[in-house]
Number of protein chains: 2
Amino acid sequence: MTNNHAHQDGDNATLTIDGSEEAAAPAPSKRRLESRKRILAAARKLFVERGYHATRPQDISKLAGVGHGTFYLHFADKFDCFLSFAEDASAELEAFIEEHLADVNTLDEGIREVLKAIFEFSAENAGVLAAALTDINVLATGETDKKMPVDRWAEQWADIVRKWSEEGVAAADVDPMFAGHFIVGIIRQGGAYAHRAGIDQAEAIEKMSRAITRTLRPNN
Amino acid sequence: MTNNHAHQDGDNATLTIDGSEEAAAPAPSKRRLESRKRILAAARKLFVERGYHATRPQDISKLAGVGHGTFYLHFADKFDCFLSFAEDASAELEAFIEEHLADVNTLDEGIREVLKAIFEFSAENAGVLAAALTDINVLATGETDKKMPVDRWAEQWADIVRKWSEEGVAAADVDPMFAGHFIVGIIRQGGAYAHRAGIDQAEAIEKMSRAITRTLRPNN
DNA sequence: GTTGAATCTGACAATTTGTCAACATTCAAC
DNA sequence: GTTGAATGTTGACAAATTGTCAGATTCAAC
């Protein structure tokens with residue numbers, strides 16, 4: 001728990017080694033990055049398969065093919081590892097969505113495309129989304145400089161809603177930040193329900209996009 | 001993990017002791033119920049304060065004033081205890097909301113009252129709501145006969161929406177089950193954001209109820 | 001008071017987490 | 001190619017936690 005080697009600045013791959021805070025340390029070696037990558041891949045697999053409770057650091061390091069102590073050189077503890085997994089998954093989802101939004105302009109089309117991308121991502125990465133968007137504060141309380149993936153996502157939606165509002169596409173009385181969070185809530189809950197209930201994807205997308213557009217533009 | 005003494009049927013206080021499945025065992029004694037109650041109270045406090053990761057069974061039993069082994073007489077493990085805590089909290093919230101819905105008839109008024117009740121409950125039980133509604137599957141996978149609190153809640157909303165739909169208060173094209181989940185998503189996400197951002201309660205309620213009514217009744 | 005069932009306790013076994021000295025690998029300078 | 005410093009890893013073992021259960025305590029019935 002006092003091991004400083006695992007101290008990281010968010011997603012930035014640059015390590016800041018304690019005792020030399022003025023100068024950024026050189027980029028980590030290929031080997032180090034490879035080890036970290038393998039650990040995270042193993043962690044992802046196990047967190048999704050077994051859940052947080054039953055996943056042990058020793059299982060992660062074994063599956064990753066690294067020594068048990070290596071786990072602690074990269075992460076402070078299981079929670080820290082989970083957080084990185086969640087952040088990585090969240091970033092992947094965001095990138096995935098960006099690709100699908102490249103040629104989209106209208107609000108309706110945009111929402112529909114995002115939902116499609118989310119379902120597609122979920123199909124290829126079963127269980128990852130729920131983990132990525134879980135309430136981190138339920139797992140561990142206290143100050144963390146890392147922003148929860150779900151909040152980051154909601155803020156991105158807020159930016160989009162703000163833009164739509166300026167273009168007159170979304171209603172003027174819509175609070176972008178709240179709207180961003182509502183959209184995330186609808187997607188999280190609706191998506192989880194659709195998946196669990198085995199509901200047809202097209203149907204789910206239809207219903208979710210309708211609900212979302214209605215919160216943004218009531219006269220629909 | 002093979003200790004059958006902690007085998008429980010949901011919330012029902014009646015124990016079924018293995019080996020005598022045909023006959024229900026007598027109700028647990030006051031002492032047993034008292035111990036369980038104390039353990040759950042301690043668990044609640046610690047899960048909320050420290051989060052799941054940092055809460056240890058030994059801390060729970062100590063705070064509860066019972067022996068360390070007593071914890072395992074009541075719960076299979078930490079997760080099992082968490083699940084019971086979440087279920088209890090969820091049931092409390094539901095009861096709290098019921099009280100506040102007693103004299104309510106219109107859709108708008110109903111939603112507003114529910115939101116008020118939720119904020120009130122959250123103020124008196126900081127952190128409990130998030131824990132109660134968290135994604136259990138992220139903590140532990142596998143078959144469980146217990147329904148997630150958040151799903152139960154969404155289903156109750158679905159019943160309400162169904163009723164509103166029949167009365168022509170909610171739009172006919174609204175799918176009650178999806179709507180129930182959307183409402184829960186909006187409340188969860190919107191409530192968490194409002195709390196974290198220190199937003200005025202009246203403002204939050206206004207924005208959340210507006211979003212909810214718009215998903216149910218677009219011409220608003 | 002005695003009996004026996006129910007329930008609890010905490011010592012200890014079993015398991016897991018976390019540490020770090022020793023070792024292995026990499027890489028730049030020569 | 002060799003050298004030596006820097007970096008990264010390993011797994012034995014210390015420390016901590018989880019889980020078990022023989023013995024202790026409680027309580028209701030007689």
Side-chain angles (χ1 to χ4, degrees), chain A residues 1-8 13-20 23-40 42-43 46 50 52-82 140, chain B residues 1-8 13-20 23-40 42-43 46 50 52-82 140:
Chain A
M1 292 290 274
T2 56
N3 189 335
N4 292 319
H5 289 86
H7 201 71
Q8 299 251 12
T14 306
L15 289 184
T16 303
I17 309 297
D18 285 337
S20 59
S29 69
K30 278 193 191 171
R31 187 166 66 147
R32 188 179 175 89
L33 285 176
E34 178 64 24
S35 293
R36 182 182 165 90
K37 184 174 156 193
R38 289 166 66 174
I39 294 171
L40 277 172
L46 293 176
R50 301 181 182 182
Y52 186 85
H53 177 79
T55 296
R56 305 172 299 176
Q58 70 190 286
D59 298 324
I60 295 175
S61 56
K62 188 182 233 175
L63 183 61
V66 301
H68 177 47
T70 304
F71 179 87
Y72 295 95
L73 292 179
H74 293 265
F75 303 102
D77 54 22
K78 186 166 79 168
F79 174 68
D80 190 33
C81 183
F82 183 84
Chain B
M1 291 292 276
T2 57
N3 188 336
N4 292 317
H5 289 87
H7 201 68
Q8 300 253 11
T14 307
L15 289 186
T16 304
I17 310 297
D18 285 337
S20 59
S29 68
K30 277 193 190 171
R31 186 167 65 143
R32 187 179 175 88
L33 287 176
E34 179 63 23
S35 293
R36 181 182 166 90
K37 185 173 153 191
R38 288 165 66 174
I39 293 171
L40 277 171
L46 294 178
R50 301 181 180 180
Y52 186 86
H53 177 78
T55 297
R56 304 172 301 176
Q58 72 190 287
D59 298 323
I60 295 175
S61 55
K62 188 183 235 177
L63 183 61
V66 301
H68 176 48
T70 303
F71 178 88
Y72 294 95
L73 292 179
H74 293 265
F75 304 102
D77 54 21
K78 185 166 79 170
F79 174 69
D80 190 34
C81 183
F82 183 85

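Each chain gets a letter, A, B and so on, in the order its sequence line appears, and its residues count up from 1.
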**Study point:** Rounded distance in Å - CZ (A/R38) to P (D/dG8)
**Key:** 15 Å
**Study point:** Atom pair distance, as rounded to whole Å: CD in A/Q58 and P in D/dT18
**Key:** 14 Å
Check your understanding: Nearest to the side chain of A/Y72 - C/dT17, D/dT18, D/dT9?
Key -> C/dT17
Check your understanding: Taking atom CZ of B/F71 and atom CG of B/D59, what is their separation to the nearest 0.5 Å?
Key -> 10.5 Å
Protein N or O to nucleotides 10-14 of chain C N or O, pairs below 3.5 Å:
| residue | atom | partner | partner atom | Å |
| --- | --- | --- | --- | --- |
| C/dG10 | N7 | B/G69 | N | 3.3 |
| C/dG10 | O6 | B/G69 | N | 3.4 |

Practice item. Report the nucleotide, chosen from D/dG8, C/dG18, D/dT18, that has the shortest atom-to-atom distance to any side-chain atom of A/S29. Key: D/dG8
Study note, to complete from the structure: For A/R38 and A/G65 the tightest heavy-atom approach is NH2-O, 3.6 Å
Review point. Taking any strand in view, what nucleotide pairs with C/dA13 in a Watson-Crick or G-U wobble way, both distances under 3.5 Å?
Key: D/dT18
Study note, to complete from the structure: A/K78 atom NZ is separated from C/dT17 atom C1', nearest whole Å, by 10 Å
Check your understanding: In whole Å, what is the span from the CZ atom of A/F71 to the P atom of C/dT19?
Key -> 12 Å
Check your understanding: What pair of heavy atoms forms the shortest contact from B/Q58 to B/H68, and how long is it?
Key -> CA-ND1, 3.8 Å
**Study point:** Atom pair distance, as rounded to whole Å: CD1 in A/I60 and C1' in D/dT10
**Key:** 18 Å
Review point. With side chains defined as the heavy atoms from C-beta onward, is the minimum distance between B/R36 and B/L40 less than 4.5 Å?
Key: yes
Revision key, fill the gap. Heavy-atom closest pair (A/H53 atom, B/K78 atom, distance to 0.1 Å) is CE1-CB, 4.1 Å
Practice item. Check the distance between C/dT17's P and A/F75's CZ and give it to me in whole angstrom. Key: 15 Å
Study note, to complete from the structure: Looking only at heavy atoms, the pair that brings A/T55 and A/R50 closest together is OG1-CB, 3.7 Å
**Study point:** Position toward the 5' end of DNA chain D (nearest nucleotide), A/S35 or B/T55
**Key:** A/S35
Check your understanding: What integer distance in Å separates B/H74:NE2 from D/dT20:P?
Key -> 15 Å
Review point. In whole Å, what is the span from the CG atom of A/L73 to the C1' atom of C/dA21?
Key: 13 Å
Review point. Testing B/C81, B/P57, B/S61 for side chain to side chain contact (heavy atoms under 4.5 Å, CB included) with B/Y72, which one passes?
Key: B/P57
Output a table of nitrogen or oxygen pairs between the protein and nucleotides 26-30 of chain D separated by less than 3.5 Å.
| residue | atom | partner | partner atom | Å |
| --- | --- | --- | --- | --- |
| D/dT26 | O4' | B/R31 | NH1 | 3.4 |

Review point. Closest approach of A/I60 and A/I39, non-hydrogen atoms and distance?
Key: CG2-O, 3.6 Å
Check your understanding: Taking the inter-plane angle between the rings of B/Y52 and B/F79 on a 0 to 90° scale, is it parallel (under 30°), tilted (30 to 60°) or perpendicular (over 60°)?
Key -> perpendicular
Practice item. For the side chain of B/R32, starting at C-beta, report the closest nucleotide among C/dC8, D/dT18, D/dG8. Key: C/dC8
